[in-house]
Amino acid sequence: MMNYDWLFRLRRAILVGLVILSTTFMSVADEGMWIPTLLKKYNMDDLQRLGFRLSADDVYSVNHASLKDAVVLFGGGCTGEVISSEGLVLTNHHCGYSSIQSLSSVENNLLKSGFWAKSRSEELYSPSLKVRFLERMEEVTDKITSNLESLSKAQQKEKIQERILSLTQELETDLFTEAVVKPILYGNQYFLYVYKVYKDIRLVGAPPSTIGKFGGDTDNWVWPRHTGDFSMFRIYANTDGSPSEYSDDNIPLKTKTFLKIKLGKLEKGEPTMVIGYPGKTQLYLPSPAINMYQTTSFPTRINIRDIKLSTWKNFMDKDPKIEIQYASKYARTANGWKKWKGAILGLSRFHAIERKKDAEKKFQLWVDSEPERKKSYGSILPRFDSLYAQFAIYNERHIYYQEVVERGADLFQLSTILNSFIHDKDKGILVDQTSLLNKIDKFYNDYNPVVDAEVMMQLLSLYIDSVAPEFYGKSLYKIRDKLNDKYFVKKVYNKSFLLDKESVKDFVVNYSRSERSKLTKDPIFKLKYEMDQTYVFTSFFKYQYINEQIEANQKSYVKALKEMNGRTRFKVDANLTMRVSYGSIEGYSPKDGVIYRPFTSLKGIFEKSQTDIMDYTVPQKLIDLYKSKDFGNYINEEGQVPVAFCASNHTTGGNSGSPVLNRDGYLIGVNFDRCWDGTMSDLMFDPQYCRNIILDIRYVLFLIDKFSNAPNLIDELEIVQ
Ligand code: ARG
Ligand code: GLU
């Protein structure tokens, strides 16, 4: 068997030599979200080539404090970093958003005004916010998968779940230790992660939304960017440093280690490292899957969301109250919608399907070149073709169901909440009534019946036009011809008791089984319930069944690809575990004749504020600081306050809030987004276009120091000039 390992090594050695000889940075965009414990084995050449002066041990070690001890899983799906010896954590504004919102009231809207605790006693406890520190991780493939060959697939699955449960339960010796086993490479390998969970987390500060969300949806996914997307929290613990529930007696956590901050010049081509918790990528999909995303899944979702977004927008533009009520729903819905649009363009520009097909040809040649291989792997690609052909219709229906029913009209979502309420009640499962009533209050705060009836009508009409009648459900079938009649929809709507907050709360508080039919006979609830049932029985089981076979085939495919790849490193999809991405500060050319510089500054905020776009409203104080040039030493070579930069790190959702480190491991920025032209990188990484967007740490410090007058926090940091 031919092995080209020596060739790779030679090529690398030459590249490393080049870096040593030249003084400027070699800029190389780098695909991959690497596993911290495997850096030593696979990534050190790359790190040196890019100019990093860090050892693998500096990044991850269990024997001494390392960078990994300063990076936390923030809440359920963001990253944060510890930046002081007293538990101060930095993350994005959009990651702290819901905590800040919960701590706000109409009279004291912290999102609007911003918030800075001037002393520890003013820091605000954020219920239900957690941060997790990774204590250790290790591969446990043998423990989970050994001696299963004789069992059936179903038995294997069961056994694996059993082993995972017994392994994690054994390790979870208290309420603040969490053990998680996660598969990588579609279950070819398993890793164990042990976390320490801190639950007393307090808000320290956040700029007003006009800074923290500057640019809003207009600029979301967009470069050049000027969002001051950060917020700060503090971890509190027992006096001995162990985690605890909230208590007045808790003190700021004395952290094992924290990130030191580097102020000073950033250069194009300079290496950048992102350590964080990327959520999900699918880098090994075959061509029929890419085809499905590019031509069906993404366009269908975009199409449905177009309707939701434009309907909301119509109302929002006319009524400021509705604008506030639907702002967050709009942002959430628009986030994926815009990302997928970018991904479709990116995949087509990259000739993604052709590239995958070329790679598949090479794979097939490799498979066919040995009889043993042919026997084990020969049917993988044809099987994908046939599975995806069968899957198409179920996939499409799944998308319609998700976007129109599950995440459809507001009252459909309320129906889901109430359905699980009566289910739990009837089964005697304990229901947290206070939190349910709070949820219901929050629902009606952000709800307008006229807007929602219009959304419902539009979405159901689309459903009827796009999905075959046998998938409607009885009620929808009955009203199928009358949906365009606005009066009719309102009539259905007005018969529903879900329209009235007090009746719904009353239903919850006084529920008994005999009251059940009040809900189950409600026209909106019934419509939704029947659509659920119809979907599950006609489509979902089939969807799941084919999906399982696709996953199993994907497991064999990745196993074979890894074998074909030989002993060299192999990239692993993101799965919301700690990863390291490296790259360099790098702009790009989005189209002919245009080149993006990788840096922005306060000047750009001022420029944007001169337009009449609402998302570009800036607080007067920031304009004043800009005009008086009161910048402190938070400036770049041009004498401007830097705001953001972009780089070629491979990142995805979950990487929000991740620390961005320079060649020496000092903090230079906070990751918060990707550039629109490169959002395809969840499926394929195009080094020419895929860029992450980073908040410059100098802007963060400038805002804390000059804008928010919180010098107490600056004193807490360790700053390297
Ligand atoms: N696009 C970023 C991320 O996926 C930021 C989203 C929040 N910002 C916004 N304007 N909606 O999640
Ligand atoms: N804003 C994203 C997040 O919340 C990061 C952007 C991305 O998808 O890369 O994690």
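Counting starts at 1 for both ligands and their atoms, in listed order. Predicted, not measured: the structure shown is a model, and the values here were computed from it.
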What's the shortest heavy-atom distance between K213 and H93, and which atoms? N-ND1, 4.3 Å
Pull out every atom of ligand 2 sitting under 4.0 Å from any heavy atom of G654, numbered as shown with elements. 3 (C), 10 (O)
Any N/O of G653 closer than 3.5 Å to an N/O of ligand 2? yes
shortest atom 2 (C) of ligand 1-to-protein heavy-atom contact is with D673 OD1, 3.2 Å
Look at ligand 2 and say whether K339 reaches it with a heavy atom at a distance under 4.0 Å. no
Can you find an N/O atom of W221 closer than 3.5 Å to an N/O atom of ligand 2? no
Flag the pair R202 and D200 as a salt bridge only when some basic side-chain nitrogen lies within less than 4.0 angstrom of an acidic carboxylate oxygen. yes
Per-atom contacts, ligand 2 versus D673 - under 4.0 Å to a heavy atom: 6 (C)
Presence of salt bridge, R579 and D573, under 4.0 angstrom: no
Ranked by distance from atom 7 (C) of ligand 2, the top protein heavy atom is R674 NE, 3.2 Å
Does the pair R663/E270 count as a salt bridge with the N-to-O cut at 4.0 Å? no
of all protein heavy atoms, closest to atom 2 (C) of ligand 2 is S656 OG, 2.8 Å
Give a yes or no on whether a salt bridge exists between D696 and R698, defined as a side-chain N under 4.0 angstrom from a carboxylate O. yes
Is the closest side-chain donor-acceptor distance between D686 and S681 under 3.5 Å? no
Starting from atom 8 (N) of ligand 1, which protein heavy atom do you reach first, and at what distance in Å? N220 OD1, 3.9 Å
Ligand 2 atoms in contact with N655 (distance to a heavy atom under 4.0 Å): 10 (O)
Give me the nearest non-hydrogen protein atom to atom 6 (C) of ligand 1 as residue plus atom name, then the distance to 0.1 Å. N335 OD1, 3.6 Å
Using a strict 4.0 Å cut-off to heavy atoms of H94, name the atoms of ligand 2 that fall inside it. 1 (N), 3 (C), 4 (O)
Quick one: nearest non-hydrogen protein atom to atom 11 (N) of ligand 1, plus distance? D217 OD1, 3.4 Å
Could you tell me which atoms of ligand 1, counted from 1 in the order shown, lie closer than 4.0 angstrom to a heavy atom of G216? 10 (N)
Please tell me if the side chains of F702 and L602 come closer than 4.5 Å, counting only heavy atoms from C-beta onward. yes
Are the aromatic ring centres of Y616 and F214 under 6.0 angstrom apart? yes
Under-4.0 Å salt bridge between K608 and D219: yes
